[in-house]
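So the structure is just underneath, and the comments pick up after that.
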2 protein chains.
Amino acid sequence: MEDKEMLTIREMCEAFDVTPRTLRFYEAKELLFPLREGQKRLFTRRDRGRLKLILRGKRFGFSLEEMRQLLDLYDRGDAQEEQLKRTYEVARDRLAQMERQRDELNEAIEELRGQLQWGADMIASFRRPAAE
Amino acid sequence: MEDKEMLTIREMCEAFDVTPRTLRFYEAKELLFPLREGQKRLFTRRDRGRLKLILRGKRFGFSLEEMRQLLDLYDRGDAQEEQLKRTYEVARDRLAQMERQRDELNEAIEELRGQLQWGADMIASFRRPAAE
DNA sequence: ACCCAAGTTGACGTTAACGTAATCCGATAC
DNA sequence: GTATCGGATTACGTTAACGTCAACTTGGGT
């Protein structure tokens with residue numbers, strides 16, 4: 001027994017800084033599978049592992065659905081080469097997607113920066129177009 | 001009479017590549033104020049000017065509500081120094097916000113890229129945590 | 001016995017910016 | 001007259017990821 005084997009919902013929340021609602025929501029979405037002691041949920045080491053990956057995925061911009069698919073894919077026992085490659089590709093695609101997003105953002109930034117350079121012009125561009 | 005003075009909803013849609021729903025929606029949100037010829041909307045030059053700014057704002061990531069405020073602010077006749085400065089500030093804030101967003105995105109990208117560098121490790125990180 | 005904290009389920013609310021019918025109206029084309 | 005446009009209005013649907021009650025139950029402490 002290194003840590004506690006099982007964590008209550010509250011302990012889990014503190015450990016990962018999420019709300020109970022979130023954990024129940026993730027369970028409903030089949031991202032976590034806590035055991036039950038009577039009514040109460042008990043989160044296993046496996047749940048902790050999954051949650052850690054889920055949160056990491058979120059930082060990367062994966063949706064919960066994408067994470068569920070990835071987790072499911074590699075949870076059915078022996079992940080084979082073929083499937084490992086797919087995960088890898090999903091991650092690569094996501095990276096490319098994020099880079100495109102960043103580039104678009106950069107363009108918008110440059111465009112806006114350009115407007116600001118002109119100062120008064122920027123302001124003028126927000127005035128009503130001429131007179132009537 | 002340079003162009004047409006007034007445009008129907010359909011002409012407006014083609015000119016700006018938006019749907020009728022969008023224009024009616026913008027009117028409901030008080031971003032546009034087309035005149036009425038009987039029942040039909042007629043979009044004036046002023047509406048065209050506003051729509052142009054609205055779409056530009058969207059590219060910058062402004063929400064419709066933010067654009068409405070900006071447009072309203074400078075639509076009440078004589079925009080004074082004080083208010084002009086405010087618009088300028090809103091734009092500057094927005095720029096800073098976008099830059100932060102871009103930076104966060106870059107961090108996530110670097111983090112993900114790091115994972116991918118390790119290839120197999122990335123994959124492993126998506127497998128279920130060890131055995132049970 | 002009584003109460004409280006912690007936990008549960010269920011269900012509706014939130015936000016943005018429209019999409020998608022369904023139904024209706026008036027003017028033109030034939 | 002009638003079919004057909006172009007347009008109008010109304011109102012519910014969509015998406016993601018939870019938030020926010022409400023109403024219970026359960027286990028433990030006193």
Side-chain angles (χ1 to χ4, degrees), chain A residues 4 6-44 47 50-71 94 97-98 101 104-105 108, chain B residues 4 6-44 47 50-71 94 97-98 101 104-105 108:
Chain A
K4 276 179 186 158
M6 314 279 203
L7 298 184
T8 73
I9 199 170
R10 200 50 72 177
E11 293 168 329
M12 195 74 169
C13 288
E14 280 166 27
F16 291 92
D17 192 35
V18 296
T19 70
R21 181 68 180 91
T22 299
L23 295 180
R24 296 191 193 107
F25 181 75
Y26 286 178
E27 182 184 1
K29 291 287 177 176
E30 304 195 83
L31 286 156
L32 299 178
F33 309 94
L35 302 176
R36 296 304 177 105
E37 187 185 72
Q39 276 287 34
K40 299 178 182 175
R41 291 171 175 79
L42 287 180
F43 294 85
T44 68
D47 289 314
R50 292 177 73 99
L51 181 55
K52 183 177 172 185
L53 293 177
I54 291 164
L55 297 179
R56 173 188 294 178
K58 289 198 66 177
R59 288 206 310 283
F60 293 161
F62 288 92
S63 71
L64 292 184
E65 174 57 16
E66 288 173 318
M67 287 308 297
R68 192 188 61 72
Q69 286 176 27
L70 287 177
L71 288 169
R94 180 65 200 162
Q97 195 177 328
M98 288 170 69
Q101 199 177 323
E104 279 177 36
L105 203 48
Chain B
K4 275 177 187 158
M6 313 277 201
L7 300 184
T8 72
I9 198 169
R10 201 51 72 179
E11 294 167 327
M12 194 73 169
C13 288
E14 278 165 29
F16 291 93
D17 192 34
V18 296
T19 71
R21 180 68 179 92
T22 299
L23 295 181
R24 298 194 192 105
F25 181 74
Y26 287 177
E27 182 184 2
K29 290 288 178 178
E30 305 195 81
L31 285 156
L32 299 177
F33 309 94
L35 302 176
R36 297 303 178 105
E37 185 186 74
Q39 275 290 30
K40 299 179 182 176
R41 289 172 175 79
L42 286 181
F43 294 86
T44 69
D47 289 316
R50 293 178 71 99
L51 181 55
K52 183 176 174 184
L53 293 177
I54 291 164
L55 297 179
R56 174 188 293 178
K58 289 198 66 177
R59 288 206 309 284
F60 293 161
F62 288 92
S63 70
L64 292 184
E65 174 56 19
E66 286 173 319
M67 287 309 296
R68 192 188 60 72
Q69 287 176 26
L70 286 177
L71 288 170
R94 180 65 202 164
Q97 195 178 328
M98 288 169 69
Q101 198 177 324
E104 279 177 36
L105 203 49

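Throughout, protein chains are lettered first and strands after them, A, B, ... in sequence-line order, and every chain is numbered starting at 1. Heavy-atom basis, side chains included; hydrogens, waters and symmetry copies ignored.
- Between E65(B) and R68(B) there is a salt bridge, since a side-chain N of the basic residue sits under 4.0 Å from a carboxylate O of the acidic one.
- Rounded to an integer number of Å, the gap from CG of L7(A) to C1' of dG7(C) is 15 Å.
- Counting to the nearest Å, the P atom of dG26(C) and the CZ atom of R36(B) are 15 Å from each other.
- Taking atom CZ on R24(B) and atom P on dG19(C), their separation rounds to 11 Å, with Å as the unit.
- Whole-Å rounding puts the I9(B) CD1 to dC5(D) C1' distance at 15 Å.
- For the pair R56(A) and F62(A), the minimum side-chain heavy-atom distance is 4.5 Å or more.
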For nucleotides 10-18 of chain C, 5' to 3', base contacts (B), sugar-phosphate-only contacts (S) and non-contacts (-) with protein non-hydrogen atoms under 4.0 Å give -B-----BB

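- Within 4.0 Å of R41(A), counting heavy atoms only, lie sugar-phosphate atoms of the nucleic acid but no base atom.
- Using a 4.5 Å heavy-atom threshold, the side chains of R41(A) and T8(A) count as separate.
- Between K58(A) and M67(A) the shortest side-chain heavy-atom distance does not fall below 4.5 Å.
- When heavy atoms are screened at a 4.0 angstrom cut-off, R10(A) is found touching the sugar-phosphate backbone but no base atom.
- Screening L31(A), L32(A), D47(A) against L23(A) for a side chain to side chain contact (heavy atoms under 4.5 Å, CB included) leaves a single residue, L32(A).
- With E27(B) as the fixed residue, the salt bridge (charged side-chain N to carboxylate O under 4.0 Å, His left out) test singles out one of R36(B), R50(B), R21(B): R36(B).
- If you measure from atom CD of E37(B) to atom P of dG6(D), you get 16 Å, rounded to the nearest angstrom.
- Between the CG atom of L51(A) and the P atom of dC18(D) there is a distance of 11 Å, given to the nearest Å.
- Between the CG atom of L42(A) and the C1' atom of dA6(C) there is a distance of 13 Å, given to the nearest Å.
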